[in-house]
Amino acid sequence: KAGVTQTPRYLIKTRGQQVTLSCSPISGHRSVSWYQQTPGQGLQFLFEYFSETQRNKGNFPGRFSGRQFSNSRSEMNVSTLELGDSALYLCASSLQPRYYNEQFFGPGTRLTVL
Amino acid sequence: QQQVKQSPQSLIVQKGGISIINCAYENTAFDYFPWYQQFPGKGPALLIAIRPDVSEKKEGRFTISFNKSAKQFSLHIMDSQPGDSATYFCAAYSGNTPLVFGKGTRLSVIA
């Protein structure tokens, strides 16, 4: 069974631009969560989707948004990029929301904002 | 507000030694405490987890010790190997919150 895939793996953008990251969950998994990982703040929860509905949102500005499609694939979007948005963005999938003992992470998308 | 504090930030251990990573939490509603292992270029992977109704859980060389009264839990890696070199994250969760992570410990096991 294929794992969680994230595309692209690396991305370089400039301040003010916007970016869209994609996540394909493990087949059969309907819950997708997004996390931001930085050296200073560690791993921080962004949002969680299940059945195309956002179930939870972390403490991030409105520039961060996401969505989930009927096939459970998810995208997250960051608008008006800032230097501080440089991070590894991780996606994780599970069968149900908060099934953390069976939640699997993708390899992440490394975003660099110049 | 950091709800889970992890220490140390980095750790160097001799091969065969014991690696110990500590975490402290504030929210007494937390009822699930997992540890994750992350290798460079990879996402975190669940290593071992514990619920507060037990004080210790062991899986192979990995043990979680849990102290509910002190609101602390720790990961012990026995007989540490170079292949254990990775970043380790503790986390905590309750039914009302998403996973909250510690800031991570970079472990280096040297021969």
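If you're wondering where the values come from, they're calculated on a predicted model, not measured in any experiment. Order of the sequence lines sets the chain letters (A, B, ...), proteins ahead of strands, with each chain counted from 1.
Clustering ILVMFWY residues whenever any of their side-chain heavy atoms sit less than 4.5 angstrom apart, transitively, puts A:F104 in a cluster other than the one holding A:Y49. No path of Ile, Leu, Val, Met, Phe, Trp and Tyr side chains, each step under 4.5 Å between heavy atoms, connects A:M76 with A:F105, placing them in separate hydrophobic clusters. A:F47 and A:F50 fall into different hydrophobic clusters, defined by Ile, Leu, Val, Met, Phe, Trp and Tyr side-chain heavy atoms under 4.5 Å apart, directly or through other members. Clustering ILVMFWY residues whenever any of their side-chain heavy atoms sit less than 4.5 angstrom apart, transitively, puts B:F66 in a cluster other than the one holding B:I20. Under the 4.5 Å side-chain contact rule for hydrophobic residues, B:Y25 and B:V100 share a cluster.
Within the model, atoms CG of B:L99 and CZ of A:R98 stand 9.0 Å from one another, a figure rounded to the nearest 0.5 Å. For the atom pair A:Y100 OH and B:F33 CZ, the distance stands at 13.5 Å (nearest 0.5 Å). To the nearest 0.5 Å, the span separating NZ on B:K42 from CG on A:L88 amounts to 12.5 Å. To the nearest 0.5 Å, atom CZ of residue B:F101 and atom CD of residue A:Q44 are 11.0 Å apart.
Contact annotation for B:T87: neither backbone nor side-chain heavy atoms come within less than 4.5 Å of a heavy atom of chain A. Heavy atoms of B:Q9 lying under 4.5 Å from chain A are absent altogether. At a 4.5 Å heavy-atom cutoff, A:R55 makes no contact with chain B through either its backbone or its side chain.
By the 4.5 Å heavy-atom criterion applied to side chains, B:F89 and A:L43 are counted as neighbours. You'll find the side chain of A:N101 reaches within 4.5 Å of the side chain of B:Y32, heavy atoms only.
The environment of CZ in B:F39 is crowded: more than 12 heavy-atom neighbours from other residues, nucleotides or ligands sit within 6.0 Å. Surrounding CD1 of B:I12 are at most 12 heavy atoms belonging to other residues, nucleotides or ligands under 6.0 Å away. Counting heavy atoms of neighbouring residues, nucleotides and ligands inside a 6.0 Å radius, atom CZ of B:R61 exceeds 12 of them. For CZ of A:R63, the number of neighbouring non-hydrogen atoms (other residues, nucleotides, ligands) closer than 6.0 Å is greater than 12.
Heavy-atom pairs under 4.5 Å with chain B were tallied for A:G40, A:G58, A:G108, A:A92; the largest tally goes to A:G40. Note: B:P44 leads B:A45, B:P44, B:G104 in heavy-atom pairs under 4.5 Å with chain A.
The two residues B:G41 and A:P107 come nearest to each other via the heavy atoms O-CB, 3.9 Å. Heavy atoms only, all atoms of each residue included: A:Q37 and B:Q38 are closest at NE2-OE1, 2.8 Å.
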